[in-house]
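Heavy atoms only: backbone and side chains are in, while hydrogens, waters and symmetry mates are out. Here is how names work: the chains are called A, B, and so on, in the same order as the sequence lines, proteins then strands, and each is numbered from 1.
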There are 2 protein chains.
Amino acid sequence: MGLTKTELFTDSQNKMAAMAKALAHPARIAILQYLVRINACICGDLVEELGLAQATISQHLKELKAVGLIQGSIDGTSVCYCIHATTWLQYKILFSSFFTEVDSTKCC
Amino acid sequence: MGLTKTELFTDSQNKMAAMAKALAHPARIAILQYLVRINACICGDLVEELGLAQATISQHLKELKAVGLIQGSIDGTSVCYCIHATTWLQYKILFSSFFTEVDSTKCC
DNA sequence: CACACTCATCGCAATATTGCGATAAATATT
DNA sequence: AATATTTATCGCAATATTGCGATGAGTGTG
């Protein structure tokens, strides 16, 4: 079958998994790190920065935009992308609270 | 072609993506949350807890064990799983440091 | 030893992801 | 208007993931 049974899990669990999936590719990690580092916004520089084809970069940008991690604004003929600060912070918080303290003494 | 070009990215980026991929499924999120909550270690309870087949659960446990997030110890006929505290903490730190502060004023 | 029980692995089918060439859409430039 | 530039989308091929029935390996019980 090969389709994830989302109905078995809570909305929170499905959301958490979707968030992780957005980060589950080195190209998207690299894009986000680049955007964080450059701060000011970029567009097709990413195609040169990473070694992937333009169509591939565009695809990854689309996915990142879909989960709200980045936003793009049209600037003439090019598109300027940057981190969406609000969602970014939300990710930070949710991941941080996911990895709560664990009592290792009660382990097997 | 459909194979990730890992050679284009740094080890750090590939590792970060691999970490995210381990979390990129609601069943694995649910397993981890359950292990955190129950604290003491579990085994086939997960098959009942989630609604997935035993083979499927075993597969997900294998993936979580492969990235070091959980550890399993044989206890007679059953296997007891629990969170691997060290890796768990490492994940918390790495995700936390990934989501660094962003200067939203310098956005597009 | 025979049997039950728990878990891991194999093998398959269904679906999802990745990468990219080709092409389209939109805007600048001349 | 013609052309160049930039980005998005389509369609395909290759690969990866998901889910599970069937089977096997290992351990405990009678």
Side-chain angles (χ1 to χ4, degrees), chain A residues 1-9 13-14 16-31 34-35 41-67 70-82 108, chain B residues 1-9 13-14 16-31 34-35 41-67 70-82 108:
Chain A
M1 284 99 185
L3 106 166
T4 300
K5 296 193 162 182
T6 53
E7 73 277 7
L8 290 178
F9 310 101
Q13 288 166 338
N14 284 317
M16 194 72 207
M19 284 168 58
K21 188 179 284 186
L23 303 175
H25 194 287
R28 293 194 288 273
I29 294 290
I31 289 173
Y34 188 69
L35 286 179
C41 314
I42 326 294
C43 49
D45 300 339
L46 287 163
V47 178
E48 288 191 22
E49 183 68 13
L50 322 180
L52 293 169
Q54 184 267 323
T56 308
I57 297 289
S58 190
Q59 175 88 13
H60 285 302
L61 288 172
K62 187 182 175 184
E63 288 180 57
L64 289 173
K65 201 161 60 178
V67 297
I70 64 174
Q71 60 189 147
S73 53
I74 300 172
D75 176 25
T77 155
S78 59
V79 176
C80 175
Y81 282 102
C82 64
C108 354
Chain B
M1 281 94 188
L3 107 167
T4 300
K5 296 193 162 180
T6 52
E7 73 278 7
L8 290 178
F9 310 101
Q13 288 166 337
N14 283 318
M16 193 73 208
M19 285 169 57
K21 188 178 285 187
L23 302 176
H25 194 287
R28 293 194 288 274
I29 295 288
I31 289 173
Y34 187 69
L35 285 178
C41 313
I42 326 292
C43 48
D45 300 339
L46 287 163
V47 178
E48 289 191 23
E49 183 68 12
L50 322 181
L52 293 169
Q54 184 267 321
T56 308
I57 297 289
S58 192
Q59 176 89 15
H60 285 302
L61 287 171
K62 186 182 176 184
E63 286 179 59
L64 289 173
K65 201 161 58 176
V67 297
I70 64 174
Q71 61 188 148
S73 53
I74 299 172
D75 176 25
T77 155
S78 59
V79 175
C80 175
Y81 284 102
C82 64
C108 353

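Looking at B:Q71 and B:C82, their side chains come closer than 4.5 Å, going by heavy atoms from C-beta outward. Looking at heavy atoms from C-beta onward, A:V79 lies out of side-chain contact with A:L61 at the 4.5 angstrom threshold. With a 4.5 Å cut-off on side-chain heavy atoms, B:D45 and B:Y34 count as touching.
For A:Y81, the listed nucleotide lying nearest its side chain is D:dT7; candidates were D:dT7, C:dA8, C:dT27.
Crowding of B:E7 atom CD: a count of heavy atoms from other residues, nucleotides or ligands under 6.0 Å exceeding 12. Within 6.0 Å of atom CD1 in B:I74, 12 or fewer heavy atoms from other residues, nucleotides or ligands are found, so the atom counts as exposed in its surroundings.
Put simply, CG on B:D75 is 18 Å from P on C:dC5, counting in whole angstrom units. Atom pair B:L46:CG and D:dG19:P shows a separation of 14 Å (rounding to whole Å applied). Taking atom CD of residue B:E63 and atom P of nucleotide D:dG19, one finds them 10 Å apart after rounding to whole Å. Between the P atom of D:dT18 and the CZ atom of A:F9 lies a distance of 11 Å, rounded to the nearest Å. C:dT17 atom P lies 14 Å from atom CG of A:L23, rounded to whole Å. Regarding A:I42, its CD1 atom lies at a distance of 11 Å from the P atom of D:dT7, rounded to whole Å.
A heavy atom closer than 4.0 Å to some atom of DNA chain D occurs in A:Q54, A:A55, A:S58, A:K62, these being the qualifying members of residues 49-62 of chain A.
The phosphate of C:dT17 (OP1 or OP2) has a side-chain N or O of A:K21 nearer than 4.0 angstrom.
Aromatic ring pairs are classed by plane angle as parallel below 30°, tilted from 30° to 60° and perpendicular above 60°; the pair B:H25 and A:F9 is perpendicular.
Where B:V47 and A:H25 meet DNA chain C, the nucleotide closest to each residue was compared, and B:V47 sits on the side nearer the 5' end. Nearer to the 5' terminus of DNA chain D, by closest-nucleotide assignment, is the contact made by A:K5 (compared with the other of A:K5 and B:G76).
Using a distance-only test at 3.5 Å, with no hydrogens or angles considered, a donor-acceptor pair links the side chain of B:R28 to the main chain of B:A22.
Judged by distance alone with a 3.5 Å cut-off, no donor-acceptor contact links the side chain of B:T77 to the base of D:dT27.
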